[in-house]
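Residue numbering restarts at 1 for every chain, and letters A, B, ... go by the order of the sequence lines. Excluded from the calculations below are hydrogen atoms, water molecules and symmetry mates; all remaining heavy atoms, backbone and side chain alike, are included.
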Amino acid sequence: MTVHEDGTSEGASVVLEYLTIDVIVNDYAMIVAGKFLSPIGQFRQNLHPSWINKLPSAPPGFGHGGAAPVSETGVQLRGGLTSSINYAVYVGNGPEMDIEVENEDGETEELEVHDVENEAFGNDLNNSKTLGGRIGWLPLPKIEIGASFMVGEADAEFEMESGGEHQEQMESADITVYGIDVVVPFRNFVFRGEYIKQELDSFEVGELKTLDTEWETFYLQGSYRFGGQPWELVLRYGDFDSPHMDDDQEQWAFGVNYLIQENAQVKIAYESNKNDDKTSLADRDQTIIQLAYGF
Amino acid sequence: MKIVLMTLLMSMFAVPTFADESQERQQQFVSGAKKWATNCTRCHNLRVATEFSDNQWRAITFHMRLRAGFTGQDTRDMLIFLQDSNN
């Protein structure tokens, strides 16, 4: 929830992040049904809570409109096959497309996919389910390497103009997401990295055709906890490429954390952000101070 | 030879004793301690056993089983370690 400078929260929304029913099937499988965090990659499902995330922000491309899916509505099977192999596989409603329509003289001149909304939807416009999952492997007890995927269709409802009349339109496009992630703790250091790519195929409406589009992001992060001290240093590099130059972002982030307790900390971070368009919000550097507490 | 056969027969029909259960729990405790130390810090800072009660640890470990993809056995081992260490 956001509170503005004048103390009001107009336009803010309260969102239920996830709500699931979990059923233990046996020692190796659990069924999760409802709205759940996407198991694609590591950041969203395991690292994004503020008391876990070493920096006050998500890496570029791991938020709304990014390359990495955020959440999903559906059914998931997950668990550990052994102490060194874990997995998650799900079927869900899938994402929706945010379509920009350009009308002129009562005719639709251009269609463009602005972004893919990868947040859980309670309904499925085209009744075509997406399939996704992740497998994690621990070659050594503390080191984990993961590979993720999602395939299916993204759908959208939008209005077009033809002959001066509005027409409701529903379209779908094939979507593929894949990613890898790794975490390597070593003494007081923790190194982690994640790469995710999302590909959306074009679709046609009459004579209009959208383009094949791709969203791609990765980050590398290193953190160091001073032995026996409540201080922590963090450095992260991230690079997000989207079909829209305004959204691209290359980022260096540096943070210092003071741990009041293991689950409560004060974080101060500086982000150096770069976008080729100097007027873009994605080009603004920022300093963030955050008080984080988690259960 | 008779003694060996008698011993084998007796062990086949032996019921678990408190000593057996205690030994098994001890093994689970040791295994759980190792898994707690190696698994938790892959994502977050280590939470010490004394932070939570037995019942709270039960809920937390089963939540973490889902999040981190532990097997049931690994989860039970960690639960025994945490419950036996929080006094």
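- Contact annotation for B/I60: neither backbone nor side-chain heavy atoms come within less than 4.5 Å of a heavy atom of chain A.
- No more than 12 heavy atoms of other residues, nucleotides or ligands shown are found within 6.0 angstrom of CD1 on A/I21.
- The distance from atom CD of A/E144 to atom SG of B/C43, rounded to the nearest 0.5 Å, is 7.0 Å.
- In this structure, the portion of A/L81 lying under 4.5 Å from any heavy atom of chain B is its backbone and not its side chain.
- Chain B forms the most heavy-atom pairs under 4.5 Å with one residue out of A/I143, A/L37, A/L138, A/L140, and that residue is A/L138.
- Under the rule for a salt bridge (Lys or Arg N to Asp or Glu O under 4.0 Å), the partners of A/R225 that lie at least two apart in sequence or sit in another chain are A/E262.
- The two residues A/G80 and B/T71 have their closest heavy-atom pair at O-CG2, 3.3 Å.
- For the atom pair B/R67 CZ and A/N86 CG, the distance stands at 13.0 Å (nearest 0.5 Å).
- Among the candidates A/P185, A/S83, A/P49, A/A29, the residue making the largest number of heavy-atom pairs closer than 4.5 Å to chain B is A/S83.
- When heavy atoms are compared at a cutoff of 4.5 Å, A/V184 does not approach chain B at all.
- Using a 4.5 Å cut-off between heavy atoms, A/N53 makes no contact with chain B at all.
- Here the side chains of B/R42 and A/N46 are not in contact, with every heavy-atom distance at 4.5 Å or above.
- Only the side chain of A/Q265 comes within contact range of chain B, with heavy atoms under 4.5 Å apart.
- Neither the backbone nor the side chain of A/Q76 comes within less than 4.5 Å of any heavy atom of chain B.
- Every residue two or more places apart in sequence or in another chain that forms a side chain to side chain contact (heavy atoms under 4.5 Å, CB included) with B/D54 is listed here: B/Q83, B/N86.
- Heavy-atom pairs under 4.5 Å with chain A were tallied for B/H44, B/R47, B/Q73, B/K35; the largest tally goes to B/R47.
- Comparing B/N45, B/T75, B/V48 by heavy-atom pairs within less than 4.5 Å of chain A, the highest count is held by B/N45.
- With a threshold of 4.5 angstrom between heavy atoms, A/A88 does not approach chain B through any atom at all.
- Of the residues considered (A/R78, A/E232, A/Q261), A/R78 shows the highest number of contacts with chain B, using heavy-atom pairs under 4.5 Å.
- The shortest distance between side-chain heavy atoms of A/I24 and B/F62 falls below 4.5 Å.
- The number of heavy-atom neighbours closer than 6.0 Å to CZ of B/R58, taken from other residues, nucleotides and ligands shown, is 12 or below.
- By the neighbour-count criterion of 12 heavy atoms within 6.0 Å, atom OH of A/Y28 is sparsely surrounded, having that number or fewer from other residues, nucleotides or ligands.
- Note that CG of B/D74 and OG1 of A/T82 are 8.5 Å apart. Values are rounded to the nearest 0.5 Å.
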